[in-house]
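Here is how names work: the chains are called A, B, and so on, in the same order as the sequence lines, proteins then strands, and each is numbered from 1.
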Number of protein chains: 2
Amino acid sequence: MNEEIARKQLIDYINQKIELTPEEQFTVANAYHLHQIKKKDFFLKEDTQCKLQGFVVGGTFRVFYTDKKSLEHVLYFAFKDWWMGDIASFFDDNPTKLNAQAMEDSWILVIGREETEQLFTDVPKLERLFRIITQRTLSVLQKRFFLTVSANAEERYEELIKRHDGIEQLVPQHQIASYLGILPESLSRMKKQLMDRRMKKN
Amino acid sequence: MNEEIARKQLIDYINQKIELTPEEQFTVANAYHLHQIKKKDFFLKEDTQCKLQGFVVGGTFRVFYTDKKSLEHVLYFAFKDWWMGDIASFFDDNPTKLNAQAMEDSWILVIGREETEQLFTDVPKLERLFRIITQRTLSVLQKRFFLTVSANAEERYEELIKRHDGIEQLVPQHQIASYLGILPESLSRMKKQLMDRRMKKN
DNA sequence: AAAAAAACTTAACCCACATCAAGTAAATTT
DNA sequence: AAATTTACTTGATGTGGGTTAAGTTTTTTT
């Protein structure tokens, strides 16, 4: 992976959504810089001031909070062509509360807060793109929130599998439990019950 | 309340955030139309196709989902100068799953989906405003989600009171319970326990 | 290849909140 | 002002998933 190829991937992604002139493409591409994040290293670390946004070029991240009992709660997993960042710390000037940790050696295109604002000034069309991306993200989170308050862990699990088939091959089970909002022990127990029920039926 | 005054209120709100020329102000103002929503009537109703966005000029709404057991789950309350709308149905072309019901006689400025898109074309500066509003909304929802998965009902209650002092005078208790993700019986019991603990201390 | 660490499983017990039921109080309708 | 509906309270009982603990299996490190 090199920066040129990574930037091309970003531009391809953006071109699917809006049209940019060659000059605009150039401006956008050069605003981002490629970083490699080794497995288990962090792109975002809670209590730090790094106000970065990242576009995942390759690899996998888990984005999570840590609660006061030191339990981790996965907000989402980020794969190729996903955006990651801490929107909250873009407003409050506080250190971030989010963590984003690489689950395998990964590459991301990174941009800082000031550069982002400069970029929006230079290429106003991006405002529209990021408005739409943010609205879609909000819509997805609203659904996830609703599921969390209205369905039990088993229903949330089946919804996750349905919506993201193959995730169990990509992500360890205890992190799926964390995404579902339950403990690894509970997910293990639940899967056994599901298996037992399927055995009885057949 | 009349449309002229309502539109002025919207423009005042927007002027706090971005600068518009008089012509732009005119274009924006005229894109919105004033509706009165009587107490208990709906601005959004699940399973309908109405793709509207509203700016609350006066009054109060509760925005909620209904789960498969017919329990209602409040996503947020909307007061003066708040935006309401179903972002999800702007993407999926499905009928909305959200409800927005007036809790007292209320007034909102309403705009439809097509008109919104036209407005963004006519006044591109609005893209930026709505990007920022949506990012802030997303940030707030992320915090709410984290609180829901990491704190118990009592902690969520105290957080709500702290963040929105006086809400108990504005919103009936069973709807606060619904916002907190518990049943009215549980909130009633919890408040009693809190009182009892305070009595013992003094 | 051995040692250590991380991931997963299973089981007994526990608790925050749900469920069910039956009341009282307050607000709305007639 | 009486009747009805809606909001709130209280108690007994149930349960999904947490807690604790002790295993086994798999992966990573040395």
Side-chain angles (χ1 to χ4, degrees), chain A residues 38-41 60 62 64 66-74 77 101-105 147-161 167-199, chain B residues 38-41 60 62 64 66-74 77 101-105 147-161 167-199:
Chain A
K38 289 278 185 186
K39 183 173 182 173
K40 291 192 181 170
D41 283 351
T60 316
R62 67 189 181 102
F64 64 96
T66 307
D67 71 21
K68 55 190 176 196
K69 291 183 204 150
S70 298
L71 287 175
E72 296 174 355
H73 299 268
V74 170
F77 300 105
Q101 186 183 33
M103 294 169 64
E104 56 188 312
D105 291 356
L147 206 68
T148 299
V149 296
S150 70
N152 64 23
E154 191 175 313
E155 293 166 317
R156 298 197 304 270
Y157 172 71
E158 304 212 300
E159 171 67 23
L160 174 65
I161 301 308
I167 196 162
E168 286 180 302
Q169 282 67 57
L170 292 169
V171 172
Q173 190 169 309
H174 68 284
Q175 286 173 16
I176 289 182
S178 168
Y179 179 91
L180 295 174
I182 58 177
L183 294 177
E185 294 93 321
S186 298
L187 180 54
S188 184
R189 183 171 36 199
M190 194 184 87
K191 289 179 83 167
K192 197 190 167 199
Q193 284 172 14
L194 283 171
M195 293 262 281
D196 289 355
R197 285 215 299 270
R198 262 169 214 154
M199 292 286 277
Chain B
K38 289 279 186 185
K39 183 170 183 176
K40 292 192 181 170
D41 282 352
T60 315
R62 66 189 183 103
F64 64 97
T66 307
D67 71 21
K68 54 189 177 199
K69 290 181 205 151
S70 299
L71 287 175
E72 296 175 354
H73 299 269
V74 169
F77 300 104
Q101 186 183 32
M103 295 170 63
E104 56 188 311
D105 291 355
L147 206 67
T148 300
V149 296
S150 70
N152 64 24
E154 190 174 316
E155 293 166 316
R156 299 199 302 273
Y157 171 71
E158 304 212 301
E159 173 67 24
L160 174 65
I161 300 308
I167 195 161
E168 288 180 301
Q169 282 67 57
L170 292 169
V171 173
Q173 191 169 308
H174 69 283
Q175 286 174 16
I176 290 182
S178 168
Y179 179 91
L180 294 174
I182 58 177
L183 295 177
E185 294 94 319
S186 298
L187 180 54
S188 181
R189 231 182 322 251
M190 194 185 87
K191 288 179 81 168
K192 196 190 167 198
Q193 283 172 15
L194 284 171
M195 292 263 280
D196 290 354
R197 287 214 298 270
R198 264 170 213 151
M199 292 287 277

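Applying the 4.0 Å criterion to OP1 and OP2 of C:dT9, one finds that A:Ser188 has a side-chain N or O inside that range. Between B:Lys40 and C:dT28 there is no side-chain polar atom (N or O) within less than 4.0 angstrom of OP1 or OP2. Of the side-chain N and O atoms in B:Lys191, none sit less than 4.0 angstrom from OP1 or OP2 of D:dT10. When the side-chain nitrogen and oxygen atoms of A:Gln193 are compared with OP1 and OP2 of D:dG16, none of them lie within a distance under 4.0 Å.
No side-chain donor-acceptor contact under 3.5 Å links B:Glu158 to the backbone of B:Glu155. Using a distance-only test at 3.5 Å, with no hydrogens or angles considered, a donor-acceptor pair links the side chain of B:Arg156 to the main chain of B:Ala151. Distance alone, capped at 3.5 Å, is enough to place a donor-acceptor pair between the A:Asp105 side chain and the A:Lys39 backbone. In this structure a side-chain-to-backbone donor-acceptor pair under 3.5 Å is present from A:Ser178 to A:Glu72.
Among the atoms of the strands shown, only primed sugar atoms or phosphate atoms (P, OP1, OP2) are found under 4.0 Å from some heavy atom of B:Lys39. Looking at heavy-atom distances under 4.0 Å, B:Ile182 makes contact with sugar-phosphate atoms alone, never a base. B:Glu154 comes within 4.0 angstrom of nothing in the nucleic acid, heavy atoms only. Using a 4.0 Å heavy-atom distance criterion, B:Lys69 is classed as a sugar-phosphate-only contact.
Checked options B:Lys191, B:Arg189, B:Arg197, B:Lys192; the residue passing with B:Glu154 is B:Arg197 (criterion: salt bridge (Lys or Arg N to Asp or Glu O under 4.0 Å)).
For B:Glu185 and C:dA25, the CD to C1' distance is 16 Å, given to the nearest whole Å. Distance CG (A:Leu194) to C1' (D:dG16): 14 Å, rounded to an integer number of Å. As rounded to whole Å, 13 Å separates atom P of C:dA16 from atom CZ of B:Arg156. Distance CG (A:Leu180) to C1' (D:dG18): 15 Å, rounded to an integer number of Å. Taking atom CD on B:Gln101 and atom P on D:dT6, their separation rounds to 12 Å, with Å as the unit. B:Met190 has its CE atom 11 Å from the P atom of C:dA18, to the nearest Å. Between the NE2 atom of A:His174 and the P atom of D:dT24 there is a distance of 21 Å, rounded to whole Å. Distance, A:Asn152 CG to D:dG17 C1': 10 Å, rounded to whole Å.
In the set C:dA18, C:dT10, D:dG11, D:dG11 carries the atom at the smallest distance from any side-chain atom of B:Lys192.
The residue among A:Leu183 and B:Gln175 whose nearest nucleotide of DNA chain D lies closer to the 5′ end is B:Gln175.
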